[in-house]
There are 2 protein chains.
Amino acid sequence: MKSHQLVLNWIDDELQTGRLALGQRLPGERALAQQLSVSRNSVREAIRILEAMGVVRSAVGSGPDAGTLVTADPTTALASAIKLHMSTSHLQVKDIVQTRVALETWAAAHADAKSKGFEEAEALLAAMDAKDLGAAEFLTLDARFHVAVSSAAGNVLISAMMFSLRESIQRYAGELTSNLPDWELTCNRLRSEHHGIIAAIRRGDSVGASDLIRDHIENYYREAGLGGPDTSSAP
Amino acid sequence: MKSHQLVLNWIDDELQTGRLALGQRLPGERALAQQLSVSRNSVREAIRILEAMGVVRSAVGSGPDAGTLVTADPTTALASAIKLHMSTSHLQVKDIVQTRVALETWAAAHADAKSKGFEEAEALLAAMDAKDLGAAEFLTLDARFHVAVSSAAGNVLISAMMFSLRESIQRYAGELTSNLPDWELTCNRLRSEHHGIIAAIRRGDSVGASDLIRDHIENYYREAGLGGPDTSSAP
DNA sequence: TATCTGCTGTGGTCCGACCACGCAAGGTAG
DNA sequence: CTACCTTGCGTGGTCGGACCACAGCAGATA
């Protein structure tokens, strides 16, 4: 058992039993090291891991906002993990697209038209209707739009996963624009498809919204010359 | 910019440009520290994070398997992140179940009956048919079955997500057995539903497999008294 | 030739020190 | 009495050094 793992286990236990709750402060690094009979380095390594996982947040100085305190940001871990594993080329665009389809079709079918996420999606929809947008700006809004729609379903985990995928989505969507025969044409199609998705959710058409968003995602990648996300081994 | 972040960025860059590839060794901690003009502690903190993310693996000693070398295990980050955030009570069972439905319905619809994952699922199916299984043993196999079916779709990211959810699935499925009116009855139903899912995949019935696995997942949680995964705010 | 024994480099752990930061209490000038 | 300023103190951030256990490898030995 490595020393920092002991610290991780201790903190995990404190969290599970409720002795440590959201917003509370951890003991100081020096105190924690003495309490668990490990070095301060080991404590710091554990805290670094928790920080990377989005479980705690560290700040120097004194006062109520200083020190290491418990947060709850499930997205940081997913986002950096996905980014890193895409750096190792272990993750392909196909995988991202398919995961989007799986998550977003479910989310579209369960989206609540009265949620904050839906309102944000509507605002982004309006912003994307501006005529003087460049491709990069449009795709930035597009990625945020899809994250917002997904969060309208009210599922913390699915929202976190979609949020974590945002950067990857944006990057690859941008890279694929060069493969498109006519960006303006595609952009206008995307706009009308977005409106269709929002309309379907607003009228409570779960199946319609689900089908529309699937076609919306798959058609873009098909149009960009990837032959559709389902046929990675296509001729 | 914190020191360990500098190390993370350097390694991420090495990975992206391909100077560091899967299976290769990182420079020693002391060498890396000197090269980047940071302390060895900072290097270690960065490596710890990468280790928690499943990007590298450290081993003491000498020889080809010693030192810190690049791996590719996207599951470790997800699994520990999900576990930690469930400890903070930021994730609920409802969220897990809904995510399962989203991922597994897609995976069932895209599962390949000739893949290794499908073969493993069939083997687990046979193992679950044994009559002398306790609830815990059955649910362990059940969780592995669902992960295997999901991996049959051939998507690295979705497989990783499902694998990461396995521990959580198993835990909560086990806790819910006490709510069931008749475990033997439910268990037999689960068995036949599993056979139905496998049969649907084998005959290429995407829609059928998808519907079956959704009902399979949702019915269990409904039967356990949660009123269905979609009605978390039910009376 | 076969075996043993150091040597070397690896990560693992610990200690002590110093720094920058930022609030809070106290002193100080008005 | 009020408003400002100084100082103290605890926080995380960083650094250098030291020692340990481990595992392979090369040279010495039987």
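We name chains A, B, ... by the order of the sequence lines, and we start the count at 1 in each one. In this text the structure is predicted, and so the values were computed from the model without any measurement.
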Starting at CD1 of B:I47 and ending at P of C:dG12, how long is that distance when rounded to a whole Å? 8 Å
Rounded to the nearest angstrom, tell me the gap between atom CD in B:E51 and atom P in C:dT10. 17 Å
Go through the side-chain N and O atoms of A:H110 and A:N155 and say whether any donor and acceptor fall under 3.5 Å apart. no
Phosphate OP1/OP2 of C:dC14 contacted by A:R44 side-chain N/O (<4.0 Å): no
Whole angstrom value for the distance that separates P of D:dT14 from CZ of A:R48: 6 Å
Is a donor-acceptor pair below 3.5 Å formed from side chain A:R30 to base D:dG12, judging by atom type as modelled? yes
Using a 4.0 Å heavy-atom cut-off, does A:A33 contact any base of the nucleic acid, only the sugar-phosphate backbone, or nothing at all? nothing
Measure from the side-chain heavy atoms of A:R25 and tell me the nearest of D:dT11, C:dC15, C:dG11. D:dT11
Separation of B:Q34 atom CD from D:dC15 atom C1', in whole Å? 14 Å
Assess, by modelled atom type and distance only, whether the side chains of A:N41 and A:E45 contain a donor and an acceptor separated by less than 3.5 Å. no
Measure the distance from CD on A:E29 to C1' on D:dT14 and round it to the nearest whole Å. 11 Å
Assert: residue with more 5' nearest nucleotide on DNA chain C, out of A:V60 and A:E45, is A:E45
Starting at atom CG of A:N41, determine the distance to atom C1' of D:dC20, rounded to an integer number of angstrom. 15 Å
Quickly work out the B:D65 CG to D:dA23 C1' distance and round it to whole Å. 11 Å
Under 3.5 Å: donor-acceptor pair, side chain of B:S87, backbone of B:K83: yes
Output yes when at least one side-chain N/O atom of A:S3 is less than 4.0 Å from OP1 or OP2 of C:dT13, else no. yes
Select one nucleotide: of C:dC14, D:dT14, D:dG24, the one nearest the side-chain heavy atoms of A:S39. C:dC14
Output the single nucleotide from C:dG12, C:dC18, D:dG10 whose closest atom is nearest the side chain of B:S58. C:dG12
Identify whether any heavy atom of A:G61 sits under 4.0 Å from a base atom; if not, whether one sits that close to sugar-phosphate; answer base, sugar-phosphate or nothing. base
Whether the side chain of A:T71 engages the backbone of A:G54 through a donor-acceptor N/O pair (distance < 3.5 Å, no angle test) should be reported. yes
Does D:dG13 have OP1 or OP2 sitting under 4.0 Å from an N or O in the side chain of B:S42? no
Rounded to whole Å, how long is the line connecting atom CZ of B:R40 with atom P of D:dG17? 13 Å
Is it true that the side chains of B:T75 and B:S164 contain a donor and an acceptor less than 3.5 Å apart? no
So does A:S62 get a side-chain nitrogen or oxygen closer than 4.0 Å to the phosphate oxygens (OP1/OP2) of C:dC21? no
Kindly say if A:T68 contacts the phosphate of D:dT11, meaning a side-chain N or O under 4.0 Å from OP1 or OP2. no
